[in-house]
A.B. asks: 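Sending over a structure as structure tokens; questions will come in a sec.
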Number of protein chains: 2
Amino acid sequence: MTDRLPPLTALRAFDAAARHMSFAKAAEELNVTPAALSFQIKSLEEHLGQPLFRRLNRAVELTEAGKTLAPGAAEGFETLTAAWRATRRLQDNTTLTVTAGPGLTAKWLAPRLYEFARAHPEIDLRFSATLRIMDFVRDEVDVAIRFGYGPDPGLYVLPVPPEWVTPVMSPELAERYTTPESLMEAPLIFDESIDFLDPPVDWPAWFRTQGIDFTPTHGSHFSQADHAIDAAVAGAGVALGRRGMAITDLHAGRLVAPFKTAIETKAHFRFLCAPGTETRPQIAAFRDWFIAEIDKTAYVSDEFEIIPVEDIPPP
Amino acid sequence: MTDRLPPLTALRAFDAAARHMSFAKAAEELNVTPAALSFQIKSLEEHLGQPLFRRLNRAVELTEAGKTLAPGAAEGFETLTAAWRATRRLQDNTTLTVTAGPGLTAKWLAPRLYEFARAHPEIDLRFSATLRIMDFVRDEVDVAIRFGYGPDPGLYVLPVPPEWVTPVMSPELAERYTTPESLMEAPLIFDESIDFLDPPVDWPAWFRTQGIDFTPTHGSHFSQADHAIDAAVAGAGVALGRRGMAITDLHAGRLVAPFKTAIETKAHFRFLCAPGTETRPQIAAFRDWFIAEIDKTAYVSDEFEIIPVEDIPPP
DNA sequence: GCTTCAGTTAAGGTATACTTATGTGAAGAT
DNA sequence: ATCTTCACATAAGTATACCTTAACTGAAGC
């Protein structure tokens with residue numbers, strides 16, 4: 001069985017050569033002489049039984065065999081490099097890479113992080129605001145904060161109490177719209193970032209909690225929660241604000257939540273990291289800070305009557 | 001920058017040890033002595049700066065660092081192995097691996113392949129009936145035959161003329177249902193495997209070609225084209241048969257297509273392989289045979305009035 | 001308490017991989 | 001034309017990484 005791997009140094013030499021399309025540059029990358037690289041490629045070709053490169057006089061080009069091997073070789077070594085880097089990163093207790101959705105980043109994390117940074121000056125914090133699902137090893141991320149239902153198989157999970165939503169608006173608008181009924185006339189803001197919730201947590205659901213059967217048909221739509229909140233702050237209308245997204249602006253007085261009925265979604269934020277890494281100093285510190293910040297504003301929930309979404313009467 | 005890869009032999013030793021969770025078995029796999037393997041692991045741990053395994057007395061277990069590295073290492077080496085195997089396979093001109101959907105495999109390829117096997121006894125043919133999208137390198141497949149629209153970026157493509165569909169039924173049923181109108185009373189068979197076509201090629205479309213506005217509401221549904229054809233052969237009803245799927249049974253007299261109106265879909269079969277590989281002897285031979293077989297039955301199309309699907313009047 | 005098992009350690013040999021130095025053929029410059 | 005340069009090939013010598021043999025350790029199991 002010659003299906004086993006050829007000498008790995010030779011394969012790596014080939015990978016570098018194929019990426020640079022030049023033996024000389026590949027040799028430079030690997031810190032060896034061009035002669036050594038030439039030898040490696042030759043030995044690999046002997047293992048294979050056919051050439052991988054066509055030697056033109058001032059350049060090289062890949063043969064069919066080379067074209068077949070090159071992408072896989074590149075991907076393989078990239079995977080190995082990523083895994084190795086991730087492993088090395090475990091010893092690095094001074095950097096912490098966190099990813100969260102753009103909404104939470106803008107409206108919750110960013111306004112609070114200065115405190116974390118002050119409490120832990122030794123930690124070099126990096127941020128990645130994306131909704132993309134993360135592979136902790138491949139993407140070199142330590143912590144992810146995600147909104148949704150879970151479950152999160154194979155991960156360390158620290159759930160936060162479920163989110164609830166309630167109408168929020170600028171203080172000026174609040175003077176005009178004082179009753180649930182009056183909201184039917186108000187300019188409404190739609191946050192499409194929670195459209196994926198099932199059962200839906202939307203304006204018709206909230207109106208039903210008030211005994212009102214009303215399906216608003218127009219208004220401003222935003223794909224990101226923070227933009228919807230920003231629009232409400234700007235006085236553009238009334239938004240169904242998620243607790244985590246609106247809390248900062250509520251505290252600052254830029255938003256008010258005049259109606260004391262909120263809908264509890266079944267979804268919540270989760271603090272996620274690779275299992276075992278929750279004890280690394282910077283991750284533990286971030287987790288503790290995160291929990292403490294959440295707890296700081298927990299009392300707000302007491303002001304509201306929170307109705308689980310499944311208890312809302314159907315239309 | 002110590003983010004560069006560590007010695008690859010050491011990494012491979014680690015990979016084997018992590019997969020087997022045993023240095024001894026890993027050494028066996030790599031055809032080295034346990035001592036050598038122990039050394040490799042130790043050197044890797046020195047490179048990393050921390051242990052990868054915890055040595056218990058009769059076993060080893062992965063440390064956090066080991067758990068982080070192991071999956072990536074395994075994936076990386078798997079990728080490299082697959083790429084290397086795919087490259088070696090290029091020299092092998094005696095095996096040919098073909099993948100096609102289950103319908104085409106059952107109703108078109110299988111009944112014809114004995115001829116190809118007889119004409120090319122030197123070729124060892126392997127079959128993989130699946131609809132899954134294939135990666136020619138990773139999945140070790142030489143040729144894929146796929147139904148749909150394309151395009152197929154980065155692949156060698158040999159398109160076959162578009163498919164058309166026409167009602168097919170057993171000879172017994174054909175005595176009873178002699179006019180398009182009578183089909184409205186017939187048990188109809190639905191082939192869901194072409195539901196993805198847009199514009200749709202379905203019973204209502206065919207009825208419209210006959211000037212009939214009729215949307216059948218019940219009948220037997222099959223997710224695979226070959227099952228729909230089999231049901232028609234068995235006399236269970238009338239199917240909208242795709243040319244490629246029905247042709248064998250039409251020739252054998254097990255099915256008849258009494259109405260001479262067919263709908264041409266915009267989709268067609270494509271013969272796909274990795275660019276450059278179309279000249280490999282066994283792939284070229286299979287391609288030539290494939291084209292020749294298609295041509296053999298091309299005259300059948302002359303019997304039908306073939307209406308492009310976009311020319312059918314809307315409902 | 002002896003045996004076995006799984007991994008470690010040390011010493012020494014061998015094959016692998018690298019370097020230096022020289023060679024080759026074609027493109028581009030003068 | 002011829003000269004230079006460039007990119008890779010080849011040869012010979014060397015270093016080092018890798019492997020083997022052989023003896024060691026410490027715990028589990030009969």
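Small disclaimer: the values here were computed from a predicted structure and weren't measured. Chain naming here is simple, since letters A, B, ... match the order of the sequence lines and numbering starts at 1 in each.
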A.B. asks: Which of the following nucleotides, C:dC18, D:dA22, D:dT10, is nearest to the side chain of B:A35?
C.D. replies: D:dA22
A.B. asks: Assign A:T33 to base, sugar-phosphate, or nothing according to its heavy-atom contacts below 4.0 angstrom with the strands shown.
C.D. replies: base
A.B. asks: Looking at C:dT19, D:dC8, D:dC19, which one has an atom nearest to any side-chain atom of A:R55?
C.D. replies: D:dC8
A.B. asks: Under 4.0 Å, counting only non-hydrogen atoms across every strand here, what does B:S22 touch: a base, just sugar-phosphate, or nothing?
C.D. replies: sugar-phosphate
A.B. asks: Let me know the distance between CG of A:L37 and P of C:dT19, rounded to the nearest Å.
C.D. replies: 10 Å
A.B. asks: To the nearest angstrom, how far is B:N31 atom CG from D:dC18 atom C1'?
C.D. replies: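 Atom CG in B:N31 sits about 14 Å away from atom C1' in D:dC18.
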A.B. asks: With sequence neighbours excluded, tell me which residues meet ring-ring contact (aromatic ring centres under 6.0 Å, His included) with B:F136.
C.D. replies: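 By the ring-ring contact (aromatic ring centres under 6.0 Å, His included) rule, B:F136 matches no residue at all.
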A.B. asks: Can you find a side chain N or O atom of A:K42 that sits less than 4.0 Å from OP1 or OP2 on D:dT10?
C.D. replies: yes
A.B. asks: For A:F23 and D:dC6, what is the distance between atoms CZ and C1' respectively, to the nearest whole Å?
C.D. replies: 15 Å
A.B. asks: Think B:Q40 has a side-chain N or O under 4.0 angstrom from the OP1 or OP2 of D:dC19?
C.D. replies: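 The answer is yes; a side-chain N or O of B:Q40 sits under 4.0 Å from OP1 or OP2.
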A.B. asks: Roughly how many Å is it from NE2 in A:H20 to P in D:dA7, rounded to a whole number?
C.D. replies: 14 Å
A.B. asks: Check the distance between D:dC19's P and B:E28's CD and give it to me in whole angstrom.
C.D. replies: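 About 16 Å, once rounded to whole Å.
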A.B. asks: With ring-ring contact (aromatic ring centres under 6.0 Å, His included) as the test, pick out the partner of A:F116 among A:F286, A:F127, A:F290.
C.D. replies: A:F286
A.B. asks: Once you round it to whole Å, what is the distance between C1' of C:dG7 and CD of B:E61?
C.D. replies: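 Going from B:E61 (CD) to C:dG7 (C1'), I get 15 Å.
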A.B. asks: Is any NZ, NE, NH1 or NH2 atom of the basic residue among B:R89 and B:D142 found under 4.0 Å from an Asp or Glu carboxylate oxygen of the other?
C.D. replies: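 Looking at B:D142 together with B:R89, the answer is yes, because their closest N to O distance falls below 4.0 Å.
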A.B. asks: For a quick check of understanding: with a heavy-atom distance under 4.0 Å over all strands, which category does B:A36 fall into, base, sugar-phosphate or nothing?
C.D. replies: base
A.B. asks: To the nearest Å, how far apart are A:L56 CG and D:dC6 P?
C.D. replies: 18 Å
A.B. asks: Which residue, B:F39 or A:A59, contacts DNA chain D at a nucleotide closer to its 5' end, judged by nearest heavy atom?
C.D. replies: A:A59
A.B. asks: What's B:T9 touching, base or sugar-phosphate or nothing? Going by heavy atoms closer than 4.0 Å.
C.D. replies: sugar-phosphate
A.B. asks: Please state how far atom CD1 in A:I41 lies from atom P in C:dA17, giving the value in whole angstrom units.
C.D. replies: 13 Å
A.B. asks: Could B:R19 and B:E29 be called an ion pair, given the rule that one side-chain N must be under 4.0 Å from one carboxylate O?
C.D. replies: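 Yes, this pair counts.
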A.B. asks: In terms of relative ring orientation, are A:F14 and A:F53 parallel, tilted or perpendicular, with 30° and 60° separating the classes?
C.D. replies: tilted
